[in-house]
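These notes concern the structure reproduced below.
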2 protein chains.
Amino acid sequence: MTNGRDMIPQKQIDRRIQEFVEACRAQGIKTTNQRMEILQELARSEQHPDAESLFLGVRKRLPSLSLDTVYRTLRLFEERGIITRVGSIKERARFDANTKRHHHFICTQCGLISDFYSETLDRLKPPSEVEAVGTTDTVYIELRGICNACQAQKRAQS
Amino acid sequence: MTNGRDMIPQKQIDRRIQEFVEACRAQGIKTTNQRMEILQELARSEQHPDAESLFLGVRKRLPSLSLDTVYRTLRLFEERGIITRVGSIKERARFDANTKRHHHFICTQCGLISDFYSETLDRLKPPSEVEAVGTTDTVYIELRGICNACQAQKRAQS
DNA sequence: GTGCCTGCAAACCCTTTGCACTTTA
DNA sequence: TAAAGTGCAAAGGGTTTGCAGGCAC
């Protein structure tokens, strides 16, 4: 592998793998070859790859790997907080006809989406260092949490 | 239809429809019954509905409506800036092994995702009015724009 | 009347799942 | 060796598309 701009220092990756092995021990997850390689492939990239890219990359070293193992592994890692998913919680597409500038609160439990308005957030400027990467058109902000209804329900259950 | 809490004043909807008709005239889009009804259904709701909910709602008034017309209409409206989609630009899931607190810049043209760090953004607090809806766990921020490579390419073309 | 729009049905793509076999601890 | 993990193939769910007829302009 060449030292292209999408490379993370090997030292950092080793530390990440070390953390991972410990996390697995602590959580009772088996540290299989497949999982190690998938995590390493992800940790090594700065491209925020999708399941298929990871699959293609890891398969060079592990030709028997199957795509569904990649999906299963990523889901497992995400559930355990070992990795994160970029962007919104994936669900079906939802739409909005509100043309006034606004932001969303999203309940991670029931999926409620609620509009709110905030001049402070509207005025938020992207940090200048981002200019090195590109020009920002919009600052998308999403508050994620638990709505009052879901909280009340939780309290009632306990 | 009852006056539940998910209702938007009819006056506001009428204004929205009026805007829509004008936008269609201006852009040379036909104002069909289906489109009017779909937009009205969306404008009337505060639930940020998905394609299927809209389909079920509109079908009460337009029984011949098909689900793919709803999809086509929503896509058209979105392209023309008449409505917006909640959450990230929908594409396949992409993952991240970076465990340091960070944010993303996303190029809306090529899909590049780039990490950046900002203490200002890390410290951002949700506006207090959101407490009326629920408790915020995380503030998700995404900068959307055009990366330098895509800009250079655009310039080269013109 | 012309060309955009619609409904229908089938295709599509990403992701998930059931099952039998394999591997890890 | 017991339980967890894997590969395979097939299903699943949301979304898109090709086509023939229908409708707005």
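Note on naming: letters A, B, ... go to the chains in the order of the sequence lines (proteins, then strands), and numbering restarts at 1 for each one.
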Please tell me which of the listed nucleotides, [options], lies nearest to the side chain of [X]?
X	options	answer
T69(A)	dA4(D), dT6(D), dT15(C)	dT6(D)
T32(A)	dG5(D), dG7(D), dG3(C)	dG5(D)
K30(B)	dT17(C), dC5(C), dG5(D)	dC5(C)
L67(A)	dT24(C), dT15(C), dG7(C)	dT15(C)
A51(B)	dG3(C), dT15(D), dA9(C)	dT15(D)

Q | Residues Y71(B), F55(B); criterion ring pair (Phe, Tyr, Trp, His ring centres under 6.0 Å); working and verdict | A | CA-CA 9 Å; Y71(B) 276 110; F55(B) 169 61; 9.2 Å; no
Q.
Quick check on DNA chain D: between R85(B) and N33(B), whose nearest nucleotide comes earlier from the 5' end?
A. R85(B)
**Q.** Residue closer to the 5' end of DNA chain D, A93(A) versus I29(A) (nearest nucleotide)
**A.** I29(A)
Q) dT6(C) phosphate, OP1 or OP2: any side-chain N/O from R35(B) under 4.0 angstrom? A) yes
(Q) Taking only side-chain N and O atoms of R72(B), does any of them lie within less than 4.0 angstrom of OP1 or OP2 on dT16(D)? (A) no
Q. So what does D50(A) touch, heavy atoms closer than 4.0 Å: a base, only the sugar-phosphate, or nothing?
A. nothing
(Q) Over all strands shown, is Q34(A) touching base, sugar-phosphate only, or nothing at heavy-atom distances under 4.0 angstrom? (A) sugar-phosphate
Q) Taking 4.0 angstrom as the limit, do E19(A) and R16(A) come out as a salt bridge? A) yes
Q) Is the shortest distance from a Lys or Arg side-chain nitrogen in R35(A) or E37(A) to a carboxylate oxygen in the other one below 4.0 Å? A) no
Q) Of all residues at least two apart in sequence or in a different chain, which pass the side chain to side chain donor-acceptor pair (under 3.5 Å) check with R101(B)? A) none
